Asks: 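Take this structure first; my questions come after.
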Amino acid sequence: MELVAAAPAAVARATIAHHSKSFALASRLLGRRVRDQTAVIYTWCRRADDAIDEAPAAGDDTIERLDDELVAAYTGRARDPVLAAFGAVANERRIPLAYPRQLLAGMAMDVRGSTYVSVDDLIVYAWRVAGVVGLMMTHVFGIADEAALIPAAHLGIAMQLTNICRDVGEDARRGRVYLPADLVGELGYLRARRTLLALAARYYRSADTGMTALPWRAALAVRAARNVYAAIGDRITDSLDRAVVSTPAKLALVSRAFGRAALAAPLHAFRRYHVPTRVLELADVPRL
């Protein structure tokens, strides 16, 4: 059964290709149906993020509008084709409404100019804007073991910590500071940034433990995205220049993902995959 109509799927594929070359590359490793569903999830997240970036300083009205759109998507009342496609995927794959609502709660932290005193404060933000995205994707991919939900959330957190360390200069120009004040006060800016990157590395290692609970092609795509994001962290220097991974380097990282996936192939054989039934909350996700 096709869950995404042709036109919204095309829009979603164009959106992911334009905004994230890393995710677009990884998504090409998926089967068409799962790839389109993945692109639709990404496009809804991107739509919400763009709306927040364009919101006035007091943007609570934007958050309320986004939540109204979300409810309309889940109840089949969305008129916008992309929103309707998101609702169709969310309902078919039984994505809990709590997950995208957590993402909106994280975006509300940006709207309200939240400050981050401790690493724990920052993990709350990373869980909301990225950890739950990893959980939404487990519904699209399916899993063999619900213990893999925690590694999926950890991968989202790892990627968000990498984003924060990469985008310090860009965020500062937008008036946003994510490096925890306690960490900067104790270690200084440069060492605080390196400490966050080391923390991200621990979350990436935890994420690796859940790969074999995914279907083989999904695990391959997730490994590829994980490798590229971790490589971004490896390329972050003490300057404010945005770290990038070149196309040849990305292809090499994808090849490495193929190698790991090939070795793990027997672990995927004969496993039965299902849509998760457990709904994770932040309290269920161990801090590393």
Side-chain angles (χ1 to χ4, degrees), residues 1-16 18-20 23 36-115 124-140 152-153 156-157 159-160 163 171 174-176 178 275-285:
M1 172 181 162
E2 287 293 334
L3 296 182
V4 184
V11 170
R13 288 194 297 269
T15 300
I16 195 171
H18 176 71
H19 289 284
S20 179
F23 285 141
D36 285 349
Q37 293 171 18
T38 298
V40 165
I41 299 295
Y42 177 91
T43 298
W44 178 80
C45 296
R46 185 78 241 178
R47 176 193 180 104
D49 191 50
D50 288 345
I52 294 304
D53 286 344
E54 296 166 6
D60 286 349
D61 287 348
T62 301
I63 295 294
E64 185 175 346
R65 174 176 62 80
L66 289 170
D67 189 71
D68 288 344
E69 289 183 349
L70 184 60
V71 172
Y74 266 75
T75 55
R77 296 183 291 107
R79 296 183 178 180
D80 179 277
V82 173
L83 278 176
F86 175 75
V89 173
N91 281 304
E92 178 71 19
R93 305 309 299 167
R94 301 199 295 276
I95 297 173
L97 179 59
Y99 290 162
R101 273 193 161 152
Q102 276 291 298
L103 188 142
L104 293 183
M107 292 180 175
M109 296 170 76
D110 285 331
V111 165
R112 294 162 190 163
S114 296
T115 55
V124 171
Y125 175 76
W127 151 261
R128 287 176 171 172
V129 300
V132 295
V133 178
L135 293 173
M136 286 193 278
M137 294 315 305
T138 64
H139 283 255
V140 173
I157 290 170
M159 289 178 166
Q160 187 60 33
N163 277 338
D171 288 334
R174 296 158 67 188
R176 295 176 182 172
Y178 294 101
V275 171
T277 58
R278 184 183 178 194
V279 181
L280 248 60
E281 299 179 357
L282 177 58
D284 301 318
V285 181

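The first residue in the sequence is number 1, and the count goes up from there. Nothing here was measured: the structure is a model prediction, and the numbers come from that model.
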Asks: Any chance you could measure Arg93, atom CZ, to Thr138, atom OG1, to the nearest 0.5 Å?
Replies: 10.0 Å
Asks: Can you tell me if Asp49 uses its side chain to pair, donor with acceptor, with the backbone of Cys45 under 3.5 Å?
Replies: no
Asks: Report the distance from atom CG of Asp67 to atom CD of Glu69, rounding to the nearest 0.5 Å.
Replies: 10.0 Å
Asks: Do Trp127 and Leu135 pass the side-chain contact (heavy atoms from CB on, under 4.5 Å) test, and can you show the C-alpha distance, the side-chain angles, and the key distance before you say yes or no?
Replies: CA-CA 10 Å; Trp127 151 261; Leu135 293 173; 3.6 Å; yes
Asks: To the nearest 0.5 Å, tell me how far Ile63 CD1 sits from Asp68 CG.
Replies: 11.5 Å
Asks: Show the numbers, then the answer: is there a side-chain contact (heavy atoms from CB on, under 4.5 Å) between Val71 and Arg77?
Replies: CA-CA 8 Å; Val71 172; Arg77 296 183 291 107; 3.8 Å; yes
Asks: Checking Asp50 side chain against Arg47 main chain: does a donor-acceptor pair fall under 3.5 Å?
Replies: no
Asks: With rounding to the nearest 0.5 Å, note down the distance linking CZ in Arg176 to OG1 in Thr115.
Replies: 14.0 Å
Asks: Take atom CZ in Arg174; do more than 12 heavy atoms of anything else shown fall under 6.0 Å from it?
Replies: yes
Asks: Can you list the steps and then say if Gln160 with Val133 is a side-chain contact (heavy atoms from CB on, under 4.5 Å)?
Replies: CA-CA 11 Å; Gln160 187 60 33; Val133 178; over 6 Å; no
Asks: Considering only heavy atoms from C-beta outward, does the side chain of Pro100 approach that of Trp44 to under 4.5 Å?
Replies: yes
Asks: Could you grab the distance from atom CZ of Arg128 to atom CD1 of Ile157, nearest 0.5 Å is fine?
Replies: 12.0 Å
Asks: Taking all non-hydrogen atoms of both residues, which atom of Leu104 and which atom of Ala48 are closest, and how far apart?
Replies: CD2-CB, 4.2 Å
Asks: As a quick check of understanding, evaluate side-chain contact (heavy atoms from CB on, under 4.5 Å) for Tyr178 and Asn163, giving each step before the final call.
Replies: CA-CA 10 Å; Tyr178 294 101; Asn163 277 338; over 6 Å; no
Asks: Do Leu66 and Ile52 have side chains that get closer than 4.5 Å, going by heavy atoms?
Replies: yes
Asks: Does Arg65 pair with Asp61 as a salt bridge, N-O distance under 4.0 Å?
Replies: no
Asks: Please verify the inter-ring angle class for Phe86 with Tyr74; under 30° counts as parallel, over 60° as perpendicular, anything in between as tilted.
Replies: perpendicular
Asks: Quick check: does any side chain N or O of Tyr99 sit under 3.5 Å from a backbone N or O of Leu280, one acting as donor and the other as acceptor?
Replies: yes
Asks: Kindly compute the distance separating CE (Met137) from CD1 (Ile41), expressed to the nearest 0.5 Å.
Replies: 6.5 Å
